[in-house]
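For reference, positions follow the sequence shown, starting with 1.
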Amino acid sequence: MMGKRVQCFVALVVLSLNTTVSFGAEPFQQWALATAANIRAHYAAPGNLFTQQPDSTKPSDIWASGVQLSALNAVGALEKSEISRAVAYADGLDAHYRFDSRGVVGYTPRPHGGERYYDDNEWIVLDLVETYELTHEQRFLRRAEDIMRFVASGESADLGGGIFWREIRRDSKNTCSNAPAICCALRLYRYDHDPKLLALAQRLYAWTNAHFQDADGLYWDNIKLDGRVEKTKYSYNSALMLRANCLFYELTREAKYLHEAQRIAQSAEKYWIRPSDGAIMDASQFAHLLSESFLYLTRIDHQKERLKMVERALRYVHDQLPNSEGLYPARWDKRAGANNHDWNLMFQASAVRGYAMAETIF
């Protein structure tokens, strides 16, 4: 079984390598591989790319591309023969989206164009570290380090710190551009032990908690330069801070990080899990990150009830959401409406990632 699924996908990407959690009977691997094949059937494009919409010619934006690369990495951890697809896609993205501007390289929203977003690039950093872990090819780690320099360039003293959302129109700082950056810095720190990365992670962690965390432990969305806070809560913001706490705990073994991760998880369950059927009540591209963060924490604290919760959520996705062509809609808590034709690549990739990451632990 491919080195215990690449050591549980490097133990769910770093966590608790020696832990075995045994629960669940869902065929997650089968679902992941089938959905990945369906993506190839409907979204494949020249240049080792994928399209934004099914049976289209327009390449996906970099956000959807990042979700797709994460899905290919996770599938590659299940089946060795699939790793080459992740490699080809990572190279395709590098060839078509990587852009050098202002002396630093980063990925543009569309092939060779558009204002660069720091959060888009953070997803790519996390993906490239995973591709490196699958292949042990240094070029992917070096590429992640290059893009991390772009991410770090988004930090400023405005509002006391934090990373902007986008490169040119620097009008807000968002949880989605800071929480993943913490995880990026800690993931890379594991390999190059650069103290600047650890210091960056610590600064961003303190700043994000100070500006975005609500009393329940969950996180608001963004702050404008005039200090106005947008208090919408999206599950991926809290999910990435949950993950950041897990990574800090693995690095330091300080109990405060574990306790904070558990507090966030408990509040996230109350806020986003629908009791009647277990569905995660959020958009696909956010919900899969929450389910995955629940798994990261479970690798540490072994709470089987949380596994049951994730299993139930994914069963709902599989049984209730796909259309007649096996395509997934925009949300993980309801089917698409009759007039909804937006079957974005990221919605399909979110399902693949969710299933594949669950397979590494169930």
Side-chain angles (χ1 to χ4, degrees), residues 61-67 106-110 114-126 147-148 150-186 200-245 247 260-261 263-265 267-268 270-272 280-290 292-293 330-332 344 346 350:
D61 62 40
I62 196 62
W63 185 11
S65 301
V67 183
Y107 286 75
T108 53
R110 294 168 297 281
E115 179 182 6
R116 298 182 296 188
Y117 286 68
Y118 294 106
D119 61 328
D120 287 345
N121 280 268
E122 289 157 16
W123 305 124
I124 298 297
V125 170
L126 293 172
I147 306 305
M148 189 65 204
F150 169 70
V151 169
S153 74
E155 186 184 22
S156 80
D158 301 275
L159 298 169
I163 291 176
F164 283 105
W165 183 35
R166 48 195 174 185
E167 182 179 17
I168 299 172
R169 291 171 289 171
R170 295 188 161 201
D171 53 3
S172 71
K173 295 185 175 182
N174 297 38
T175 306
C176 73
S177 57
N178 284 274
I182 299 167
C183 297
C184 290
L186 293 175
L200 175 64
Q202 292 168 332
R203 286 197 307 275
L204 295 179
Y205 179 84
W207 185 87
T208 302
N209 283 334
H211 288 78
F212 294 126
Q213 192 172 33
D214 199 357
D216 62 0
L218 303 181
Y219 290 80
W220 300 315
D221 189 60
N222 69 76
I223 185 170
K224 304 298 184 185
L225 290 184
D226 62 5
R228 288 180 295 119
V229 176
E230 168 52 58
K231 293 189 175 182
T232 302
K233 292 177 181 177
Y234 297 107
S235 60
Y236 76 148
N237 287 329
S238 295
L240 268 293
M241 288 304 291
L242 194 168
R243 180 174 174 180
N245 277 284
L247 290 169
E260 182 64 1
R263 183 171 79 100
I264 296 170
S267 292
K270 293 177 182 177
Y271 198 91
W272 283 290
I280 299 176
M281 298 182 290
D282 209 348
S284 302
Q285 66 271 25
F286 304 152
H288 84 88
L289 289 164
L290 182 59
E292 186 172 327
S293 291
R331 294 185 63 87
W332 269 22
N344 194 299
M346 77 167 71
S350 295

In this structure, CD of Glu115 is separated from CZ of Arg166 (nearest 0.5 Å) by 6.0 Å
Apply salt bridge (charged side-chain N to carboxylate O under 4.0 Å, His left out) to the pair Arg169 and Asp171, showing each step before the final yes or no. CA-CA 6 Å; Arg169 291 171 289 171; Asp171 53 3; over 6 Å; no
Heavy-atom check, side chain of Met148 versus side chain of Leu200, under 4.5 Å: yes
Hey, what do you get for CG (Leu290) to CH2 (Trp272), rounding to the nearest 0.5 Å? 7.0 Å
CH2 (Trp207) and CG (Asn178) are apart, to the nearest 0.5 Å, by 5.0 Å
Counting C-beta onward and ignoring hydrogens, is there a side-chain heavy-atom pair between Leu289 and Trp123 closer than 4.5 Å? yes
I'd like to know if the side chain of Thr108 reaches the main chain of Gly114, judged simply by a donor and an acceptor atom lying under 3.5 Å from each other, with no hydrogens or angles considered. no
Heavy-atom closest pair (Ile163 atom, Ser177 atom, distance to 0.1 Å) is O-OG, 3.1 Å
Kindly indicate whether the side chain of Leu126, heavy atoms from C-beta on, has any atom under 4.5 Å from the side chain of Cys183. yes
Please find out if less than 6.0 Å separates the ring center of Tyr219 from that of Tyr234. no
Any donor and acceptor pair, going by atom type alone, linking the side chain of Asp282 with main-chain N or O of Ser235 inside 3.5 Å? yes
Taking Lys233 as the fixed residue, which of Thr175, Asp221, Asp214 is the one that meets the side chain to side chain donor-acceptor pair (under 3.5 Å) rule? Asp214
Hey, are the side chains of Trp63 and Asp119 touching, using non-hydrogen atoms and a 4.5 Å cut-off? no
Applying side chain to side chain contact (heavy atoms under 4.5 Å, CB included) to Trp165 and Cys176, what does each step give before you reach the verdict? CA-CA 8 Å; Trp165 183 35; Cys176 73; 4.0 Å; yes
I'd like to know if the side chain of Asn121 reaches the main chain of Tyr107, judged simply by a donor and an acceptor atom lying under 3.5 Å from each other, with no hydrogens or angles considered. yes
So CE of Met241 and OG of Ser238: to nearest 0.5 Å the spacing works out to 9.0 Å
Identify, with sequence neighbours excluded, every residue that meets salt bridge (Lys or Arg N to Asp or Glu O under 4.0 Å) alongside Asp158. none
Going from OH on Tyr118 to NZ on Lys173, what distance comes out if it is rounded to the nearest 0.5 angstrom? 10.0 Å
